[in-house]
Amino acid sequence: MENYLNDLNAPQLEAVLHRDGPLIIIAGAGSGKTKVLTTRIAHLLKEGVSAFNILALTFTNKAASEMKERIKTILNHSDPLNLYIGTFHSVFARILRVEAPQLGYPTNFTIYDPEDAKSLIKTIIQGYNLDDKLYKPNLILNRISDAKNNLISPKAYNENPKFQEEDRMRKKPELGKVYQKYTDECFKNGAMDFDDLLVNMHTLLIKFPAALHKYQHKFKYILIDEYQDTNYLQYCVIKMLADANENICVVGDDAQSIYSFRGATIDNILNFHKNYDQVKTIILDQNYRSHQNILHAANAVIKKNNLQMQKNLWTHNPIGEKIKLIQTQSDSDEGKKIADIIKEQNLRHHIDYKDMAILYRTNAQSRSFEEALRRQNIPYKIYGGISFYQRKEVKDILAYLRILTNHADNEQLKRIINTPTRGIGKTTIEKCLIISAEQNIPFYDIIKTPEAYGFKSATATALANFSTLLQYLTTLMPKQNAYEITEQVCKHSLLLKEYLSDKTVEGIARYQNVQELLNSIKEWTELPDNEDGEFIDKSLSAYLQQIALLTDTDKNNAEDLNSIKLMTVHSAKGLEFKAVFVVGMEEELFPSSQNLNDIKDLEEERRLFYVAITRAKMKLWLSNAQQRYKYGLLSMNDPSRFIDEIPAELIENMVMKNDYNPQYFSKPQDYAKFGFKNKTLNHDLKPKDTDNYKQKDLNFATKEKIQTPNNSVFVNEIGIYKIDQKLMHLKFGNGRISLLEGDINNIIAHIIFDNHPNEVKRIFMKYAKIQILE
DNA sequence: CTTTACCCACTTTTT
DNA sequence: GTGGGTAAAG
């Protein structure tokens, strides 16, 4: 514990020991950035700085929780009380929960995710009778987000002829009006979108000197991670908070700036020394992560960028293996080949699955790998994509919960008032919303007394009944915890019944998602009260607050512990793996077709590639396919230019053009399991017959439909399973089948799991994440 | 008011 | 290949 300073190198130690005054750390990839940050915080605490006075901001919840963990470890588990470590959004949300009333918001304000925001924008566009072909919610939201992140209020926006002109050019002259309306509506609904969390924090500090004073003195030491990814708004807030003490430490790497599309600006790093006197600058350029070949490749690639701070990472690590290049004919071959290599790495080279990752440019690329990994029985975990909390059925339930905690939120009520259908149609809802807007009465209050607003007979009854239900559920809030209320909501709203009665594949999946939501809420309410020494409020609003800013990437289940990880390069930032596969290395894909024209955009793509390479500790593969399916359509692409930017001597070419021969997926019985007839099998084993191969592969993906999003490995033949079959369920662990029922399309196995020997679980094999144990 | 069937746009990346 | 939105039928 006392020797926590011992294993730091000189610049790292200097950064940790630097006590007061502005400090900027330029930390190359793998140079021990997190270690410095966490050790620095631990050291401050050791030196007697109160945890209460420290603020550390990160970009992801994951980074934040990792930092907390590591600080605890350094301090030998004496718990870091009241440390404000979190993302910009979560920390500011936490502060705004207290301060919101000053800004005219309720303390239990709702947080809108981009989907909520888009839906509101859509309503506004319709309300103004604007052409939704021109006014696409997505683009509008981006524009509004840009404005907010540059601190341009709706008023300023509308008074600025430059924006008016730009919008006219883009045939969206009313955009400013939409921005204003959107802001007003959010406010009326008691809701903040992600950007508002920052904007309102800024407003709070600007408008209320007492608040500024309070937080300036609370946060005597401020640390910012990934400073290269901060935008102007974040910069302004940080600047204000830090101005009283100037004990601000920022860590960043311009070479890893990959969020400029979100308004991040590298200027914040470049100008740091202009903002403060006597800035201390420390450069960490010794890399502890990667073998030399990998690091050299990364250095060579990033050198191609003009706009950057020159630096050269070096390492004492071994030279290591060369980078391996894989070219395949198609995207599905790419999946198979890589699944094959992964298996080999695991079996022959004893690299755990959890130490490997497949990184891609876009989430859509995950499919071919999912399929291949599933066939090989390789456990995998996909990060990103459609988050659990974004699923329709989950959002519907959350909408019920949110309206209970915030009656002003018309958006949530609109979402659920007829879900499940209860005879309240479009016209009725529209009428309510018009009344709500005209008379400034929340939707929620209108339906309490529908007759008073001119609704008659069946409609009025339906509205009043629903209102009664919501009011009843509201009365439960003080008495019951989040889980108990959610149970009541599911029951009384008849949502659960609705899902349960839907026997389609999707319906069953939805039901299971709802169950998973219930389970996770239950789990949350059962957490011990005093983790981190904090009392944890188990109320519904507390629950909603904490999930609002969660993403899938943050959930870390034990069941994923030995899974290979699939994610976008963006979400891989900050992580490291022994073996990394950067896939889809093709022009138009990586670099993305949208970023080929502007040199600045292209350089960001290159930094993204740099980030991808530098995730690898020991082994790195790059792969590209000659053709791939882009939502149904076949497209052909050249290998990425980035491949050529790696010096040839660092690369070992494993061209697989027409001689792909699966090593681990070649036994006939393997194919039979998937319903391939022998003919197909022959095609599969004769890869030179590429046309047929392709054709069959397409069939597999489309027509045979033997798999669904979360499903198992073997599903289409009941003969695959037998009584006493041993298998592993990703959630429940090992078990054996005691009984089989259902039909070929829906096999239900009764399984007794080792952890619950006295309990028989009925598992829908179609959906379960199952691995057969031979 | 509800259900169904077709059409379309969508895929850059995230809090 | 998916999901959402719309129009017509029930």
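Please read all numbers here as calculations on a predicted model, not as lab measurements. A note on names: the letters A, B, ... follow the listed sequences, proteins ahead of strands, and every chain is numbered from 1.
Only at 4.0 angstrom or more do the heavy atoms of residues 607-616 of chain A sit from any atom of DNA chain B, so none qualifies.
For the pair K630(A) and dC10(B), the criterion of a side-chain N or O lying under 4.0 Å from OP1 or OP2 is not met. Residue T428(A) places at least one side-chain N or O under 4.0 Å from the OP1 or OP2 atom of dC1(B). The side chain of S592(A) places no N or O atom within less than 4.0 Å of a non-bridging phosphate oxygen (OP1 or OP2) of dT11(B). An OP1 or OP2 oxygen of dC1(B) is reached within less than 4.0 angstrom by no side-chain nitrogen or oxygen of T421(A). Within the structure, every side-chain polar atom (N or O) of N138(A) is placed at least 4.0 Å from both OP1 and OP2 of dA9(B).
Nucleotide dG4(C) holds its P atom 12 Å from the CZ atom of R391(A), rounded to whole Å. A straight line from CG of D195(A) to P of dT15(B) spans 13 Å, rounded to a whole angstrom. Atom CG of L197(A) is separated from atom P of dT14(B) by 19 Å (rounded to the nearest Å). I382(A) has its CD1 atom 17 Å from the C1' atom of dT13(B), to the nearest Å. With rounding to whole Å, N142(A) atom CG is found 15 Å from dT15(B) atom P. In this entry the distance linking NZ of K118(A) with C1' of dG3(C) reads 12 Å, nearest Å. In this structure, F590(A) atom CZ and dT13(B) atom P are separated by 13 Å, rounded to whole Å. One interatomic measurement links the two molecules: CZ of F59(A) to C1' of dT14(B), which rounds to 10 Å at whole-angstrom precision.
In the set dC10(B), dG4(C), dT15(B), dG4(C) carries the atom at the smallest distance from any side-chain atom of K122(A). Of the candidate nucleotides dT15(B), dA9(B), dT11(B), dA9(B) has the atom lying nearest to any side-chain atom of K133(A). Checking dT14(B), dG4(C), dT6(C) against every side-chain atom of Q126(A), the shortest atom distance belongs to dT6(C). Which of dT14(B), dG4(C), dC1(B) sits closest to the side chain of T427(A) comes down to dC1(B). Considering only side-chain atoms of N418(A), the nucleotide from dT13(B), dT2(B), dT15(B) that sits closest is dT2(B).
The aromatic rings of Y215(A) and F219(A) sit parallel to each other, their planes meeting at less than 30°, with 60° as the upper class boundary.
Nearer the 5' end of DNA chain C, as judged by each residue's closest nucleotide, is the contact made by R367(A), out of R367(A) and K392(A). Each of S90(A) and I424(A) was matched to the nucleotide of DNA chain B holding its nearest heavy atom; the match closer to the 5' end belongs to I424(A). Along DNA chain B, the nucleotide nearest to T459(A) and the one nearest to Q594(A) differ in position, and the one closer to the 5' end is contacted by T459(A).
Of the charged side-chain nitrogens involved, none lies within less than 4.0 Å of a carboxylate oxygen, so that E603(A) and K600(A) do not count as a salt-bridged pair. A salt bridge is absent between R374(A) and E371(A); no separation between the charged side-chain nitrogens and carboxylate oxygens falls under 4.0 Å.
No option in D116(A), D113(A), D409(A) other than D116(A) meets the salt bridge (charged side-chain N to carboxylate O under 4.0 Å, His left out) test with R402(A).
With a cut-off of 3.5 Å on both pairing distances, the Watson-Crick or G-U wobble partner of dA9(B) is dT2(C).
Remark: the backbone N or O of S592(A) is paired with a side-chain donor or acceptor of E605(A) at under 3.5 angstrom. A donor-acceptor pair is defined here as one N or O able to donate and one able to accept, closer than 3.5 Å; no such pair exists between the side chain of D225(A) and the backbone of F59(A). The backbone N or O of I302(A) sits nowhere less than 3.5 Å from a side-chain atom of R606(A) that would complete a donor-acceptor pair.
Under the 3.5 Å distance criterion, with hydrogens and angles disregarded, no donor-acceptor pair is assigned to the side chains of E334(A) and S368(A).
Among the atoms of the strands shown, only primed sugar atoms or phosphate atoms (P, OP1, OP2) are found under 4.0 Å from some heavy atom of Y259(A).
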